[in-house]
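Input: a single structure, listed below in structure tokens.
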Amino acid sequence: MNVADLGRAHTIVVGVSPTSGSPGALRWAVEEASLRGGRVVAVRAWRPHAPETATGGRVPSVVSDDSARGVEESRLADDVAHVLGHDHLVETRVVAGKRRAVLAEESRSADLVVIDAGRATEVGARWLGSRLARSSHCPVVVVPPALGGRGSSAFGAAAS
């Protein structure tokens, strides 16, 4: 820890999947933040749609993804509220980019990054954790699928 970190709240970044909502990662991160007196930031990587081309194959001069980004921000807020309830204190953030790159960048200002391992049917989910761990600037916790639907304590579920 360096001097700049003194007085800064312990920050846990959670990568929230648009397909699963990452319930295990969210619950685990909230529990860990409560133990450490920290905060949780739920992050979703978002890729803007490619703009339609104008005549001649050129990109139109004005492209706005504000409404699409707003929809994704609303979906993320709904996913977090679905897992944690509406009275949660988790900050939500939608960031343009690919999952691993977004989470690696977010790890620069975090003390811990948490993700769900994902289901075997999710494309790339099996490898995200190991690739993210290599590019992250802080430790990465990968919550296994078996803990995603269990009770409020991930530690308790692991011990049973």
Side-chain angles (χ1 to χ4, degrees), residues 8-33 38-150 154:
R8 182 178 68 87
H10 187 85
T11 301
I12 300 175
V13 169
V14 182
V16 180
S17 166
T19 53
S20 72
S22 303
L26 280 167
R27 288 185 191 110
W28 193 94
V30 167
E31 184 172 330
E32 185 68 13
R39 69 187 189 109
V40 176
V41 180
V43 174
R44 176 166 292 159
W46 169 75
R47 290 204 221 166
H49 296 294
E52 294 184 28
T53 57
T55 57
R58 292 183 303 264
V59 175
S61 59
V62 178
V63 177
S64 173
D65 281 318
D66 290 344
S67 63
R69 182 187 203 101
V71 168
E72 196 58 39
E73 288 170 349
S74 183
R75 285 183 184 151
L76 174 58
D78 289 347
D79 287 348
V80 172
H82 178 74
V83 173
L84 302 174
H86 291 285
D87 59 344
H88 69 80
L89 299 175
V90 172
E91 177 186 337
T92 59
R93 185 180 308 153
V94 172
V95 180
K98 294 181 179 180
R99 287 184 299 182
R100 182 171 51 99
V102 164
L103 292 173
E105 183 60 30
E106 291 291 318
S107 75
R108 289 179 182 275
S109 60
D111 297 291
L112 186 65
V113 173
V114 181
I115 61 172
D116 269 342
R119 300 180 309 256
T121 57
E122 288 184 86
V123 177
R126 290 174 283 177
W127 304 113
L128 177 62
S130 63
R131 292 184 322 187
L132 178 59
R134 285 193 296 275
S135 60
S136 181
H137 298 273
C138 66
V140 176
V141 172
V142 180
V143 178
L147 300 181
R150 295 210 182 168

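Atom set for the values below is all heavy atoms of this structure, side chains included, hydrogens, waters and symmetry mates excluded.
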In short, A25 meets D116 closest at the heavy-atom pair N-OD1, 2.8 Å

> Are V113 and C138 close enough, and set up right, to give a side chain to side chain contact (heavy atoms under 4.5 Å, CB included), and what steps lead you there?
Replying inline: CA-CA 7 Å; V113 173; C138 66; 3.7 Å; yes

Closest heavy-atom pair, K98 versus A45, reported as atoms and distance to 0.1 Å, is C-CB, 3.9 Å

Rounding to 0.5 Å, atoms NE2 (H137) and CD (E106) come to a distance of 11.0 Å

Using distance only, find each side-chain donor-acceptor pair of residues 77-86 under 3.5 Å and give its atom names and separation, not counting sequence neighbours.
residue	atom	partner	partner atom	Å
D79	OD2	R44	NH1	3.3
D79	OD2	R44	NH2	2.5

query: Are the side chains of I12 and E32 in touch, meaning some heavy atoms are under 4.5 Å apart?
result: yes

Note: V16 and A42 closest approach over all heavy atoms is CG2-CB, 3.7 Å

Looking only at heavy atoms, the pair that brings A96 and V102 closest together is O-CG2, 3.7 Å

Closest non-hydrogen atoms of A9 and D111, given as atom of the first, atom of the second and distance, are O-OD2, 3.9 Å

Taken in chain and number order and not counting sequence neighbours, the residues that satisfy side chain to side chain contact (heavy atoms under 4.5 Å, CB included) with V71 are R75

Distance col, row R131:CZ vs S136:OG, nearest 0.5 angstrom, shows 14.0 Å

For S22 and G15 the tightest heavy-atom approach is OG-O, 3.3 Å

Interatomic distance, CG@L132 vs CZ@R99, rounded to 0.5 Å, equals 10.0 Å

Q. Is it true that R69 and E73 make a salt bridge, defined as a side-chain N closer than 4.0 Å to a carboxylate O?
A. yes

